[in-house]
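Have a look at the structure below before the remarks.
A note on names: the letters A, B, ... follow the listed sequences, proteins ahead of strands, and every chain is numbered from 1. These numbers come from a predicted model, not from an experiment. Worth knowing before you read on, the calculation uses all heavy atoms, side chains too, and leaves out hydrogens, waters and symmetry mates.
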Amino acid sequence: MEQQIKNCIHSLFTTEIEVKLTRPEPQFGDYATNVALQLAASLGKNPREVAEAIAEKLRDDEDFIDVNVAGPGFINIRLSDSALIKQVYERPETLRKDELIVIETNNPNPFKPMHIGHAYNSILGDTIANLLAVSGANVKRVSYHGDVGTHVGRSMWSLLKYTEGNPEKLTNIPANERNSFMGKMYAEGSRAAKEDETVKAEVDELAKQSFIRKDGNFNAIYEIIFDWSFTQIDAILKRIGNVPIERRYLESETEVPGKELIIDNTPRVFTLSNGAYIFEGSKYGSFDNIYIGSHGNGLYGAHDMGLVQLKRQDYPQLSASYVPTGGEQAAYFKGVIAASELAIPELEGKLFNIPTGLVKLSSGKMSSRTGDVVEIDWLFDEFAKAIEARGGEATDEIIAGALRYQFLKVKIGGDVIFDVSEAVSLSGNTGSYLQYAYARARQLIEKSTAKFMRSNDLYEEDKSLMRKLSEYHEVVNLATRELAPHHICNYLFDLAQEFNRYYEKNRVVGDDREAHRVSLVTLYADILKAGLSMLGIEAPGKI
RNA sequence: GCACCCGUAGCUCAGCUGGAUAGAGCGUUGGCUUGCGGAGCCAAAGGUCAUAGGUUCAAAUCCUGUCGGGUGUACCA
């Protein structure tokens, strides 16, 4: 369509201009463009005259049933029925076809409890992976976890005290209490190390132990907790509806390749100072940072570079790599990416960090437990209670749907203010509203014996819904280009509202136009389901 | 100090590669069930888009200053 208008303008004024179509208020038309306003100045003419001339010529096009000029010089276009139907069947573009893309879809650390922030990042990564796949890419989901370092030292300090030389003691802790238990162990170690210098020294020593793992007692505990952590992580990821990963990277694997890469690129990329390897990130919008400490151990920068190296080895064809992380690491990642690109030139322009905001709870009362982290199991229970309070069945797909939607409907980057009572209310712009809207539609289809048929006719009462349906591919294009799932959410909500209006006014089963209307409802239901599935949200036919 | 991000309705947020009366949900107020799931629909009230300038035919959107908030700033990740 843009091209049609572009040609039209060219034949009138022999100028080239980028034509952008927007979706105006429905009262104005299906599409609108302001090209006339842009052209007027350079042509030295009145914008309305220019618009009128273009409109006049566009009226010859049989796809447009109505073309008019409004306001200062907008051209509003209404599509013919057949053109509108064609738009509804339009598929989203696949600009990333044949690209191999690696994306981290979760990265909670073992030896620490999994909390609401991890759930957010995991849901976001998983959904972005879906968007990449929709745009045609061959997506490889991976994960990365810190299995060594300070946090391990802190937890191990408490665990050694707790087990008193007998790792078997851990087996007494029931599975459903392990996450909180780990939280307690970690918190205790952190606090003790902060308050007491000697404890801090012990914790540091245990952190070192995590790299070498020579001690039998240490190892026995380490292995049990490691196993617990990943059992827990896998179970939660499954509950929130994430697609399983293909490869799990551990921080301990990255030390060797990371250090090697850095040393090989000194002094070309890194500078050596007092035994430490430094990257001058301040030249690249980051900050100067030490990658290998003077003690010779790789620091987090070295590990992230090692990870880049491992990914490249595992996926030699990779054309892009995405790592969603908390926004507080944005500047740091700028440095890692700059250093990686300098060290491995073939990766230039292929590494991306997606900085996300923090998850905060708006209400004071949130959980009965200690500390300030919100554990995911607790949140699941809260959702379940709310759903049951409304007489619904609290299955994981309903809970996960509500949770995912709550996170995905806001733009990436800002903090997510998570209001539990709002998320749990299940009305308004929520995942539950959409699942309910889908189930209603599905029930209509089930109730009717009419078969789906592609109709060439449209009736007046169909128009609003059809118009909304025709926007689907455009919204998906926007979302996949920007990797912004919230566009999908906003659209689906509008769509469901449009359907509910239709449903309210028009009888489907038993009407003279039953077959026609059932087909329209089917079109809608399919698109809603496809949209939800991009968000990783199930759409049951009945709830 | 320096760098980056943010400030839109009572609350939570869209809109920001400039364009038509600034949109939604929640909350508030008032309506709608004999027709397919009322977890729904309709309507009303509610905004000097932090603030002061600038650019433009046109600014929530671009530029600058100010105020307010957040994050980062070399051996923890």
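Once the 5.5 Å centre distance and the 30° plane angle are applied, the aromatic ring of Phe28(A) is found stacked with the base of rA20(B). Judged by centroid separation below 5.5 Å and plane tilt below 30°, Tyr300(A) does not stack onto the base of rC76(B). Judged by ring centres under 5.5 Å apart and planes tilted less than 30 degrees, Phe74(A) stacks against the six-membered base ring of rA20(B).
Looking at heavy-atom distances under 4.0 Å, Asn500(A) makes contact with sugar-phosphate atoms alone, never a base. As judged by a 4.0 angstrom heavy-atom cut-off over every strand, Glu251(A) is placed among residues touching the sugar-phosphate backbone only.
Ring pair Tyr222(A)/Phe226(A) is parallel by interplanar angle, where below 30° counts as parallel and above 60° as perpendicular.
Looking at which nucleotide of RNA chain B each of Tyr144(A) and Gly392(A) is closest to, the 5′-most match is held by Gly392(A). Residues Ile412(A) and Leu444(A) each lie close to RNA chain B; by heavy-atom proximity, the contact nearer the 5' end of the strand is made by Ile412(A).
Taking 3.5 Å as the limit, the base of rG25(B) and the side chain of Asn429(A) contain no donor-acceptor pair of atoms between them. For Glu504(A) against rG40(B), a side-chain-to-base donor-acceptor contact under 3.5 Å is present. No hydrogens or angles were tested; on distance alone, a donor-acceptor pair under 3.5 Å links the side chain of Asn76(A) to the base of rA20(B).
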How does RNA chain B look in dot-bracket notation if pairs are Watson-Crick or G-U with both distances under 3.5 Å, crossing ones as [ ], other-strand ones as |? (((((((..((((.....[...)))).(((((.......))))).....(((((..]....))))))))))))....
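Annotation: cation-pi pair Arg248(A)/Tyr144(A) absent, no NZ/CZ under 6.0 Å from the ring centroid and within 45° of its normal.
A distance of about 15 Å separates the C1' atoms of rA20(B) and rA60(B), rounded to the whole Å. Nucleotides rU12(B) and rC6(B) are separated by 16 Å at their C1' atoms, to the nearest Å.
Checking side-chain atoms of Gln435(A) against main-chain N and O of Glu397(A) turns up a donor-acceptor pair under 3.5 Å.
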